[in-house]
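We count residues from 1, following the sequence as given.
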Amino acid sequence: MHPGSFHLEDFPRSARHSLEFQFTAGGQEIGFPVLMVRGDESGPLLLVSAGVHGDEYEGIRAILEIFSELSPANMKGDFVAVPALNTPAVWNCTRTSPLDGANLARVFPGRADGSPTEAIAWHFGQTLLPLADLYADLHSAGVACEMPLLVGYDATDARSRDAAFAFGAPVIWAHPNVPPGRTVSEAKARNVPSIYTEARGAGRIHRDDLSIYKQGLRNLLAHMGITSGSPRAAPSPLHLLGDGDIDQSIPAGHRGFLIPHVSILDAVEKGQKLGDLVDLTGNVLETYTAPVGGRVVLIHACPRVLPGEPVFLLAGVHP
Ligand SMILES: [Zn+2]
C-alpha cells in the first residue's frame with residue numbers, strides 16, 4: 001500500500017499484520033515492510049526499525065523473531081516494526097543506497113519528491129514516527145567497523161534515558177547533542193523519545209548480540225507496560241558520555257593496512273598510541289593517538305582502510 005493511505009485504526013486489534021509500503025521515487029519503485037502486533041487492549045505504541053544501513057543485520061533478525069514471538073492476547077498497546085527500512089541498501093549489503101549513494105541516517109526529514117533514500121526517510125517520518133510513544137532504531141557496526149554492543153540515548157530527555165537503561169545493554173551512552181539528519185533527530189523534532197543501539201557487526205550476527213537485542217525489545221515492551229513483567233536490567237552497565245557522532249571519528253588520511261594497538265572498550269589516556277596505518281611493505285604511513293582519554297568505542301575492523309574512513313572513536317566515561 002502507499003504510505004499516504006495508511007491509517008493504524010484500519011488494522012484491527014487482537015491481530016498481527018504484515019504489509020509493505022510502496023512508492024515511486026527518482027523513477028524507481030521502492031518499498032519497505034511494516035510488521036504490527038496490535039494488542040487486545042489499547043495502550044502505548046513501540047516503534048522499532050532496523051536496516052537503516054544496509055550492512056547491519058542484528059536488528060533485522062531480532063525484529064523478525066520478536067514479531068513471531070509476541071501474542072496480541074497478552075498485550076496492552078502495539079508493537080510496530082520496520083525490519084529493513086533502506087531495502088535497496090539491505091539487498092546490496094552496503095551502508096548506503098546503491099540507487100542514489102545516500103546515507104539514510106543523514107537525510108531526515110527527507111522529501112516526498114526526492115531521491116529514493118530521501119523518500120524512504122520522508123514516508124517513515126511522516127507515517128510511522130508520529131504514532132510512536134517510544135522509538136528504537138537498531139544499528140550495528142556494519143561490515144567495515146567494530147563497536148561494542150551499546151544503547152545510546154538523548155541525555156536531554158529523561159524518557160529516552162529511562163528507556164536506554166530498561167533496554168539492558170552492557171554499555172549505555174549518553175549524548176548531550178543529537179546531530180541532524182538522523183532517525184533519532186527526526187523523532188526528537190516530533191517529541192518522540194528514542195534510543196538507538198550498536199553491536200559488533202562486521203557483516204555477521206553474533207548469537208549473544210542477537211539475544212541481547214531480542215531481550216532488549218522484550219524489556220522495552222515491559223518498560224512501556226505493553227507486556228506484563230519487569231525489564232531485565234544488565235548488571236552494572238558501563239555508562240559513557242559524549243556526542244557519539246561517528247562522523248567525528250579519527251579519519252584515515254591515506255589508504256593503508258591498519259594495525260590497532262588497542263581493543264574495543266579499552267580504557268586509554270590522552271596521547272596514548274591507538275595504532276599504526278602501514279603500507280604493504282610495513283612502512284608506517286600514519287600513527288593514531290588518543291585526542292582525549294576515554295574508552296575505545298569504534299575500530300575499523302577491516303584492516304584495509306581507505307582515505308576518509310573512520311579508524312578509531314573514543315568516548316568519555318559518564319561522571
Ligand atoms: Zn547504522
Salt bridge (Lys or Arg N to Asp or Glu O under 4.0 Å) against R255, all qualifying residues, sequence neighbours excluded: none
Would a single hydrophobic cluster contain both V80 and F167, if residues Ile, Leu, Val, Met, Phe, Trp and Tyr are joined by side-chain heavy-atom contacts under 4.5 Å? no
Return the NE2 to OG distance between H7 and S5, rounded to the nearest 0.5 Å. 7.0 Å
Is any NZ, NE, NH1 or NH2 atom of the basic residue among R200 and D208 found under 4.0 Å from an Asp or Glu carboxylate oxygen of the other? yes
Regarding S194 and Y153, do their side chains bring together a donor and an acceptor under 3.5 Å, going by distance alone? no
For K270, does the NZ atom have more than 12 heavy-atom neighbours from other residues, nucleotides or ligands under 6.0 Å away? no
Are P83 and P33 close enough that some pair of their side-chain heavy atoms sits under 4.5 Å apart? yes
Under-4.0 Å salt bridge between E41 and R13: no
Pairwise distance OH(Y213) to CG(L149) - rounded to 0.5 angstrom: 5.0 Å
Run E186 and R190 through salt bridge (Lys or Arg N to Asp or Glu O under 4.0 Å) and show every step you take. CA-CA 6 Å; E186 181 65 10; R190 294 173 178 277; 2.9 Å; yes
Is any side-chain heavy atom of V52 less than 4.5 Å from a side-chain heavy atom of T183? yes
H123 side chain reached by F23 side chain, heavy atoms, under 4.5 Å: yes
List, one per line, each side-chain donor-acceptor pair under 3.5 Å for residues 307-319, sequence neighbours excluded.
| residue | atom | partner | partner atom | Å |
| --- | --- | --- | --- | --- |
| E309 | OE1 | H300 | NE2 | 2.9 |
| E309 | OE1 | L306 | N | 2.9 |

Do I250 and P291 touch side chain to side chain, with heavy atoms closer than 4.5 Å? yes
Distance alone, cut at 3.5 Å: any donor-acceptor contact between the side chains of N103 and H53? yes
Under 3.5 Å, side chain of T197 to main-chain N/O of V151, donor-acceptor pair present? no
Aromatic ring centroids of F6 and F21 under 6.0 Å? yes
Would you call the rings of Y196 and H175 parallel, tilted or perpendicular, taking 30° and 60° as the class edges? parallel
Mind checking salt bridge (Lys or Arg N to Asp or Glu O under 4.0 Å) for R38 and listing every partner two or more places apart, or none if nothing turns up? D78
Side-chain heavy atoms nearer than 4.5 Å, only ILVMFWY residues, links allowed to pass through others: does that put I60 and L85 together? no
Answer yes or no: is there an ion pair linking R295 with D266, defined by an N-O contact shorter than 4.0 Å? no
